[in-house]
Amino acid sequence: MDSRIEKLINSTKARFGLEDYCLKRHSLSRNVNAFNDTNYTLCMEWFPKHVTEQEDDDTNPDGTAVIEINVNTQKVESAIFVMGKTYAKNGIIFASMDTGDIIGWIEEETELAYGRQFTLHKQEEGRLLFKECFEGVPVSPSGFIEVEFNQEGELTSFSIYGQFPAKEIVKEEAYALSLEKVEHLVKEQLKMAEFPSYEQKRLIPVYAIEELYVTNDGTTTLPFEINADQGSYLKIDKTIYWDAPITEQFERKEISWMEDITAEQAFSCEPSPVSFPITKAEQEKCIAAVKNLLQQEYPNDTGRWMLKTLNRDKGYIHAILKAGYQDHRVFQRKMMIMIDAGSLQAVNYMDNQPMLEIYDQFQASDQVTITKEEALGKIKELIEVKPYYVYNFKQKQYVLCGKIDCQHGVNAASGELISLADL
């Protein structure tokens, strides 16, 4: 075993009080964050010593400590005791179970400052959830810190995810936006969509605000993105056409996300291939691979699919496609094609049509009787424009924005106000 790995393992054992545990297995992995930096992680699975054998290959026994350490910073990324059971001795204990003491431990463990870089979001018995922020203002992409402990105050789970930006990459300014200043955008963001109600087994037409970020000076908008690594997505926006189908049958290949990572790669911070840009030549071959698969699997769909983006992921390039025709449903038809990064040939794909077919059995939505203007009048007072620091991938810094959002919608058939959380 590499001496540097061994040192990390020994320090983890002491840090978490794992004297009554034995290391069952360990492995190295890597990921690329939103800033395109490669991070290496050592994952360890510690079994309680009294467990002689594993009952099931797919599950760890109760009390197993699964701990992940960032190899380069040596900070804990997650520490989970399976089923909330711990056999740690003199491990991490919050004797008083005081929130202030736990926050102090987090600050020491992460070198982050409470109130400036993270803030309390939710508090439950035995659980605290914190959200990432900058000087108290939420950030996007967002992050979180979660701590769980048992009745004795012993740590049973800790995880941290996010970028927690340094002051140097944040463009600080006084917040100047209001609903009045962005009113011209609000009407554009009010969209009608059919939401599925699983309880009623029906589709409900709802006017709702599609989230949008507006820069603090009101001149630029940034899209609301769920993916934290959106900067790694190469926009293509190309509709795929062909003259004739390919009769040869497409054969799916099994996808493997596993990488063999060496200690040398980890400790030298070798950049992951995922962090490399997709070249023009690769882009053209990926488009050809997408076209070939569509000709084989969707021979009659020429002109019906648009290739939206390409992005790298552990040995593959993912091609994201959306159907050219979109209805009013909140979930739209899309597909992901996995392309081998070496051969640049399509090896597998996922189509969300089976999921969407569930909604075909739902009762159709009632007729829309409310206009967009009427819906806006009903919802206007509930629309929020809250400050957010948003990472601008082009500028490579966080900029202050206002997030246009609303937790409620308007039933387009009845005119009733409804909570989107209830849909």
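Along the sequence shown, the residues carry numbers beginning at 1.
The 12-atom threshold is not exceeded at NZ of Lys85, counting heavy atoms of other residues, nucleotides or ligands nearer than 6.0 Å. Open room surrounds CD on Glu251; 12 or fewer heavy atoms of other groups in view lie less than 6.0 Å from it. Within a 6.0 Å radius of CE in Met336, more than 12 heavy atoms belonging to other residues, nucleotides or ligands are found. Environment of CD in Glu270: crowded, with over 12 heavy atoms of neighbouring residues, nucleotides or ligands closer than 6.0 Å. Sparse packing is recorded around CG of Asn90, with 12 or fewer heavy atoms of other residues, nucleotides or ligands lying under 6.0 Å away. At most 12 non-hydrogen atoms from other residues, nucleotides or ligands lie less than 6.0 angstrom from CE of Met258. Remark: Lys372 NZ is packed, more than 12 non-hydrogen atoms of other residues, nucleotides or ligands lying under 6.0 Å away. Annotation: Glu125, atom CD; neighbour count of heavy atoms from other residues, nucleotides and ligands within 6.0 Å does not exceed 12.
Taking all atoms of both residues into account, the shortest heavy-atom contact from Gly409 to Ile379 is CA-CD1, 3.8 Å. Heavy-atom minimum distance, Pro165 versus Glu132: CD-OE2, 3.1 Å. Of all heavy-atom pairs spanning Gln407 and Asp405, the tightest one is NE2-OD2, 3.4 Å. Ala244 and Gln295 get closest at one heavy-atom pair: O-NE2, 2.7 Å. Taking all atoms of both residues into account, the shortest heavy-atom contact from Val410 to Ala375 is CG2-O, 3.7 Å. The two residues Cys133 and Gly115 have their closest heavy-atom pair at SG-O, 4.0 Å.
Ile69 places a side-chain heavy atom less than 4.5 Å from the side chain of Thr12. Counting heavy atoms from C-beta on, the side chains of Leu155 and Phe149 never come closer than 4.5 Å. Counting heavy atoms from C-beta on, the side chains of Lys308 and Lys235 never come closer than 4.5 Å. For the pair Asn33 and Asn39, the minimum side-chain heavy-atom distance is below 4.5 Å. In this structure, the side chains of Thr220 and Val214 stay at 4.5 Å or more apart for every pair of heavy atoms. Side-chain contact between Met338 and Met350 is present, with heavy atoms from C-beta onward closer than 4.5 Å. At least one side-chain heavy atom of Arg30 sits under 4.5 Å from a side-chain heavy atom of Pro273. Side chains of Phe158 and Ile160 form a contact here, defined as non-hydrogen atoms less than 4.5 Å apart.
Between Arg127 and Glu146 a salt bridge is recorded (basic side-chain N to carboxylate O distance below 4.0 Å). Using a 4.0 Å cut-off between a side-chain N of Lys or Arg and a carboxylate O of Asp or Glu, Lys89 and Asp20 qualify as a salt bridge. The residues Asp366 and Arg202 are annotated as salt-bridged, a charged nitrogen and a carboxylate oxygen being separated by less than 4.0 angstrom. Salt bridge present: Asp360 and Arg329 bring a charged side-chain N and a carboxylate O closer than 4.0 Å. Between Arg116 and Glu135 a salt bridge is recorded (basic side-chain N to carboxylate O distance below 4.0 Å). A salt bridge links Glu264 with Arg4; the closest basic N to acidic carboxylate O contact falls under 4.0 Å. Comment: Glu19 does not engage Lys49 in a salt bridge, judged by the lack of any side-chain N to carboxylate O separation of less than 4.0 angstrom. Residues Lys334 and Asp351 are not paired through a salt bridge, judged by the lack of any N-O separation under 4.0 Å between the basic side chain and the carboxylate.
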- [ ] Show your reasoning for whether salt bridge (Lys or Arg N to Asp or Glu O under 4.0 Å) applies to Glu210 and Lys191.
- [x] CA-CA 7 Å; Glu210 185 177 324; Lys191 310 284 176 70; 3.1 Å; yes
- [ ] Quick one: do Glu282 and Leu344 satisfy side chain to side chain contact (heavy atoms under 4.5 Å, CB included)? Show the steps, please.
- [x] CA-CA 7 Å; Glu282 287 175 319; Leu344 294 177; 4.1 Å; yes
TODO: Determine, step by step, whether Asp101 and Trp105 satisfy the side chain to side chain donor-acceptor pair (under 3.5 Å) criterion, reporting the C-alpha distance in whole Å, the side-chain angles of both residues, the deciding distance to 0.1 Å, and the verdict.
DONE: CA-CA 6 Å; Asp101 290 345; Trp105 175 80; over 6 Å; no
Open item on the list: Under the criterion side chain to side chain donor-acceptor pair (under 3.5 Å), I'd like the reasoning laid out for Glu297 against Tyr349: C-alpha separation, chi angles, the key distance, then a yes or no.
Closed with: CA-CA 10 Å; Glu297 296 292 276; Tyr349 68 97; 2.5 Å; yes
Open item on the list: Working note: Thr41 + Glu77, criterion side chain to side chain contact (heavy atoms under 4.5 Å, CB included); need CA distance, chi angles, decisive distance, verdict.
Closed with: CA-CA 8 Å; Thr41 302; Glu77 293 182 347; 3.0 Å; yes
- [ ] List the steps and the verdict of side chain to side chain donor-acceptor pair (under 3.5 Å) for Glu259 and Ser29.
- [x] CA-CA 7 Å; Glu259 288 186 295; Ser29 64; over 6 Å; no
TODO: Please lay out, stage by stage, how Thr156 and Asn150 fare under the test side chain to side chain donor-acceptor pair (under 3.5 Å).
DONE: CA-CA 7 Å; Thr156 56; Asn150 60 22; over 6 Å; no
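The residue from Ile339, Val347, Ile337, Asn311 that alone fulfils the side-chain contact (heavy atoms from CB on, under 4.5 Å) condition with Tyr316 is Val347.
We find the CG-CG distance between Asn348 and Leu293 to be 9.0 Å, quoted to the nearest 0.5 Å. Atom CG in Leu129 sits 9.5 Å away from atom CD in Glu148 (nearest 0.5 Å). Here Lys201 contributes atom NZ and Ile358 contributes atom CD1; the two are 8.5 Å apart, rounded to the nearest 0.5 Å.
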Under 3.5 Å donor-acceptor pairs involving side-chain atoms of residues 394-404, not counting sequence neighbours:
residue: Gln395; atom: OE1; partner: Gln397; partner atom: NE2; Å: 3.1

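Side-chain contact of Arg304 with Tyr298: a donor-acceptor pair under 3.5 Å is absent, judged by distance alone.
Under the 30°/60° scheme for interplanar angles, the aromatic rings of Tyr213 and Tyr388 are found to be tilted. In this pair, Tyr21 and Phe81 present their aromatic rings perpendicular. The plane angle is above 60°, beyond the 30 to 60° band.
The ring-ring contact (aromatic ring centres under 6.0 Å, His included) search around Phe16 returns none, not counting sequence neighbours.
Taking the six-membered ring for Trp, Tyr391 and Phe35 have ring centres closer than 6.0 Å.
In this structure, Arg312 forms no cation-pi arrangement with Phe276, as its terminal cationic atom is not both closer than 6.0 Å to the ring centre and no more than 45° off the ring axis.
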